[in-house]
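In what follows, a single structure is set out as structure tokens and then discussed.
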Amino acid sequence: HSSLGGQLHLAAQVPHKEGFGDVIRQLALMAERSGAVIHLGNRVTSEVLLAEDPDVVILATGAIPIPGDLSGSESVRWLLAGEVLEGQVKVEGCRVVLVGGGLVGLEAADFLSARGNEVVVVEKDEEVGTKLDPLPRAMLLKRLREQGVEIHTNTTVAHFQSGMALLRQGDEEITVPADTVVLAVGFRSNRELADSLGGTGLEIHVIGDAREPRGAGEAIWEGFKIGANV
């Protein structure tokens with residue numbers, strides 16, 4: 001990547017969460033003042049690491065989105081929520097169906113609805129944003145309601161076809177328009193580099209979302225602990 005911050009960088013793109021950008025800048029400044037050498041835009045492989053002959057390797061490779069497997073998704077334009085928040089892609093059309101009502105899904109809904117898109121959130125569980133603290137969750141849901149975001153819980157996507165999505169809510173079927181589908185159906189740890197270093201004999205520590213997808217607080221705390229102990 002050409003920027004620091006990982007998932008925090010995505011969070012900083014969401015309305016009312018721009019302060020995360022300050023967290024990234026502060027952490028980067030502290031790292032530089034501590035003598036850390038930062039390289040951006042370089043792909044690190046096991047060969048690159050072994051060539052450095054390190055004493056310790058700390059892997060904070062984060063998590064990668066689970067793309068999902070949705071019937072008929074080839075008939076509509078679909079994007080990953082992270083791509084939308086990063087500004088890598090442009091949402092075509094006004095009407096967006098957003099699959100996944102976790103933190104990233106709700107933040108993407110906030111991001112898109114603030115830009116004038118008509119957003120429908122589809123969540124298979126009984127509630128959305130269950131991992132958010134109560135107050136931020138209440139404020140976010142209030143803002144989404146005010147921006148006209150439609151949220152369907154206990155609902156799954158039965159099928160996509162050109163320009164629409166067929167939703168299933170119990171025995172009921174609901175049809176909603178869909179110019180674009182945005183997927184926010186979860187993350188899995190990015191263990192590719194960690195797995196490739198298995199058996200090398202290196203002292204390896206895996207932290208943050210690379211260990212288990214969680215919140216920013218846990219990732220920062222783990223980084224602090226391992227930095228203090230190696």
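Any value given below was found using the heavy atoms of this structure, including those in side chains, with hydrogens, waters and symmetry copies removed. It should be emphasised that the depicted structure is a prediction, and the values quoted were computed from it without experimental measurement. Residues take their numbers from the sequence shown, with the count starting at 1.
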So, [X] side chain and [Y] main chain: donor-acceptor pair closer than 3.5 Å or not?
{"X": "N117", "Y": "C94", "value": "yes"}
{"X": "T180", "Y": "V91", "value": "no"}
{"X": "E222", "Y": "G208", "value": "yes"}
{"X": "T155", "Y": "T153", "value": "yes"}
{"X": "D179", "Y": "R95", "value": "yes"}
{"X": "E172", "Y": "Q169", "value": "no"}
{"X": "S189", "Y": "D209", "value": "yes"}

Checklist entry - In terms of hydrophobic clustering (I, L, V, M, F, W, Y; side-chain heavy atoms under 4.5 Å; direct or indirect links), are V121 and L141 co-clustered? => result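 Both belong to a single hydrophobic cluster.
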
Validation row: [X], [Y] side chains within 4.5 angstrom (heavy atoms):
{"X": "V57", "Y": "T200", "result": "no"}
{"X": "V157", "Y": "V181", "result": "no"}
{"X": "L106", "Y": "D110", "result": "no"}
{"X": "E192", "Y": "T61", "result": "no"}
{"X": "T130", "Y": "D125", "result": "no"}
{"X": "L202", "Y": "L50", "result": "yes"}
{"X": "H152", "Y": "V120", "result": "yes"}

Ignoring hydrogens and angles, write down the donor-acceptor pairs under 3.5 Å from the side chains of residues 24-32, residues two or more places apart or on other chains.
| residue | atom | partner | partner atom | Å |
| --- | --- | --- | --- | --- |
| R25 | NH2 | D22 | OD1 | 2.6 |

Checklist entry - Of all residues at least two apart in sequence or in a different chain, which pass the side-chain hydrogen bond (donor to acceptor under 3.5 Å, both in side chains) check with T45? => result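 With neighbours one apart ignored, the set is E47.
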
Next on the checklist: For V97 versus A178, what's the shortest heavy-atom pair and its separation?
Outcome noted: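 Scanning both residues completely, I find the closest heavy atoms to be CG2-CB, 3.6 Å.
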
Checklist entry - So, for V206 and A194, which heavy atoms are closest and what is the spacing to 0.1 Å? => result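 Result for this residue pair: CG2-CB, 4.1 Å.
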
Item to check | CD (E126) with more than 12 external heavy atoms under 6.0 Å | outcome: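 Counting other residues, nucleotides and ligands, CD of E126 stays at 12 neighbours or fewer.
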
Checklist entry - By salt bridge (Lys or Arg N to Asp or Glu O under 4.0 Å), which residues pair with E173, not counting sequence neighbours? => result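 So E173 forms a salt bridge (Lys or Arg N to Asp or Glu O under 4.0 Å) with R168.
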
